[in-house]
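Proteins get letters first, then strands, A, B, ... in listed order; numbering begins at 1 in each.
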Protein chains: 2
Amino acid sequence: MNAKTSSLPAERKRGSGVKLVYDMLRDEILKLTLPPGSPVDEVQLAERFGMSRTPIREALVRLASEGLVETLPNRSTLVSNIDVLNLHTFFDAITLMYRVTTRLAAQHHRSEDLVAIRAQQAKFAAAVAMQDALAMISTNRQFHAAIAEAGRNPYYYGLFVRLLDDGRRILRLYYQSFDDRLPEEYVHEHEDMIAAIAARDIARADTLARAHADQIVRQIQRLFAADTRQDIPL
Amino acid sequence: MNAKTSSLPAERKRGSGVKLVYDMLRDEILKLTLPPGSPVDEVQLAERFGMSRTPIREALVRLASEGLVETLPNRSTLVSNIDVLNLHTFFDAITLMYRVTTRLAAQHHRSEDLVAIRAQQAKFAAAVAMQDALAMISTNRQFHAAIAEAGRNPYYYGLFVRLLDDGRRILRLYYQSFDDRLPEEYVHEHEDMIAAIAARDIARADTLARAHADQIVRQIQRLFAADTRQDIPL
DNA sequence: AGTATGCAACTTGTCGACATAAATCCAGCG
DNA sequence: CGCTGGATTTATGTCGACAAGTTGCATACT
């Protein structure tokens with residue numbers, strides 16, 4: 001609303017339009033700037049980005065195929081809801097992906113992968129040190145995505161980043177509704193995971209990944225439990 | 001080429017265009033009617049389907065986001081290649097998904113799921129009985145997709161169907177280059193899996209799924225090993 | 001007064017056309 | 001004879017406009 005997120009309609013390079021819109025919308029959806037369920041108007045976006053509806057539509061098709069927006073035929077397209085009821089499927093899948101990608105990273109990583117992973121971990125530690133919840137959320141995703149990339153399995157990588165993105169929305173929901181109590185132990189857990197990967201200790205990488213996932217799952221579950229509990233004195 | 005796969009340009013319902021093109025192209029890609037690496041021309045498709053380029057493009061964007069086609073900026077878009085070099089990542093992922101989805105089906109299935117699974121299994125058995133390799137490939141996919149659906153985890157389901165589709169292309173490659181020697185033991189393995197799921201025996205479901213996956217993986221590996229081996233007498 | 005019906009405004013789906021970036025071809029030069 | 005450079009050609013990316021479907025409101029009818 002205020003401080004219009006205007007993008008100056010300066011001339012873009014041919015073909016950059018769709019990617020621009022896609023990245024922008026994706027980021028706003030994951031940051032909950034576009035809240036779940038809110039309608040996405042094509043002409044509005046068209047004039048906001050200073051382009052025609054065609055590239056907007058292509059970006060929306062991409063977002064729809066990734067499940068970030070839902071498009072009702074001949075009606076509006078909406079930002080997808082966060083399915084709070086089926087969170088257990090999310091927990092199950094992300095725990096498995098944490099384990100599998102970390103194991104594979106321990107097996108297949110090369111030296112340059114460790115550099116990338118450590119760089120992301122540095123950014124993550126900085127975000128935690130500054131108590132910047134938003135930066136922590138996105139750098140945490142980058143950290144684990146880097147590990148998944150070192151595992152060199154595009155199938156796992158694709159599912160994992162999708163899960164991490166969904167997790168970004170959920171975590172964002174968490175940190176905006178509660179005071180930011182940032183868990184520093186994540187930093188140490190990350191360090192341990194890096195060490196296990198570097199040592200190619202697959203069993204230990206698996207154990208750490210599972211513990212890390214359990215940690216995160218429990219924290220989110222605590223949130224939702226606390227959220228729905230009514231404090232009735234008896 | 002011959003027997004033109006023309007679709008009469010009769011008037012379609014508004015909004016059905018994209019889905020039509022998407023389903024058609026997807027099927028042709030998976031059946032290798034459109035071989036990997038072949039270019040996909042927009043105007044050609046446009047006149048073939050009797051519609052404008054716009055819906056064609058949207059279908060291509062969807063296919064691209066699923067990895068079935070690759071679109072080079074400002075250049076042509078090609079049918080994705082089958083990455084023979086990195087087949088092990090495919091084997092690894094599909095084995096895990098076989099196991100996970102079958103386990104979850106044993107846990108969460110309802111009675112109507114078993115009906116759907118048995119229906120697909122019947123079609124699969126019929127295809128094997130008729131020695132119809134193509135029908136076997138697609139019914140096999142439907143069978144395992146039904147199991148995955150019974151597991152009720154959309155994340156796993158999404159990855160699994162993607163893997164099964166990639167597998168469809170690989171198998172198709174197999175059965176068109178070799179004589180069709182259809183393994184009947186798959187039918188029995190499927191039956192055993194259904195029994196384990198119905199009995200909610202998670203451990204047995206896991207074991208069977210792993211064995212089934214190993215079976216398929218070994219068969220494909222045998223193919224590629226035989227394909228590259230040169231028969232040099234010493 | 002409440003409900004059904006028709007009109008109007010808006011949004012999406014599709015179209016044909018234009019602008020632009022690669023690929024190709026041809027000519028000129030070394 | 002081969003290489004470089006520009007014009008041509010082809011296909012993509014984008015645009016503005018039209019058509020069809022949907023929503024909401026106003027009006028009329030029971």
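- Nearer to the 5' terminus of DNA chain D, by closest-nucleotide assignment, is the contact made by A/E58 (compared with the other of A/E58 and B/R14).
- Separating the CD atom of A/E42 from the C1' atom of D/dT14 is a distance of 15 Å, rounded to the nearest angstrom.
- One can place CD of A/E47 at 15 Å from C1' of D/dG16, the figure rounded to the nearest angstrom.
- Between B/M51 atom CE and D/dC18 atom P there is a gap of 21 Å when expressed in whole angstrom units.
- Atom CZ in B/F49 sits about 17 Å away from atom C1' in C/dC15, given to the nearest Å.
- Following rounding to the nearest Å, A/Q44 (CD) and C/dT12 (P) show an atom-to-atom distance of 10 Å.
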| request: Apply side-chain contact (heavy atoms from CB on, under 4.5 Å) to A/R26 and A/D165, showing your working. | output: CA-CA 10 Å; A/R26 171 194 176 82; A/D165 284 338; 2.3 Å; yes

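- C/dC15 atom P lies 14 Å from atom CZ of B/R57, rounded to whole Å.
- Looking at A/H144, its side chain never comes within 3.5 Å of a backbone N or O of A/L164 through a donor-acceptor pair.
- Formation of a donor-acceptor pair under 3.5 Å by the A/D132 side chain with backbone atoms of A/A127 is not found in this model.
- Atom-to-atom, CZ of B/R53 to P of D/dT14 comes out at 11 Å; the value is rounded to the nearest Å.
- Non-hydrogen atoms lying under 4.0 Å from DNA chain C are contributed by B/N74, B/R75, all within residues 72-79 of chain B.
- Residues A/D23 and A/K19 are paired through a salt bridge, judged by an N-O separation under 4.0 Å between the basic side chain and the carboxylate.
- The distance between atom CG of A/D41 and atom C1' of C/dC10, rounded to the nearest whole Å, is 9 Å.
- Within a 6.0 Å sphere centred on CD of A/Q44, other residues, nucleotides and ligands contribute 12 heavy atoms or fewer.
- Salt bridge present: B/R168 and B/D27 bring a charged side-chain N and a carboxylate O closer than 4.0 Å.
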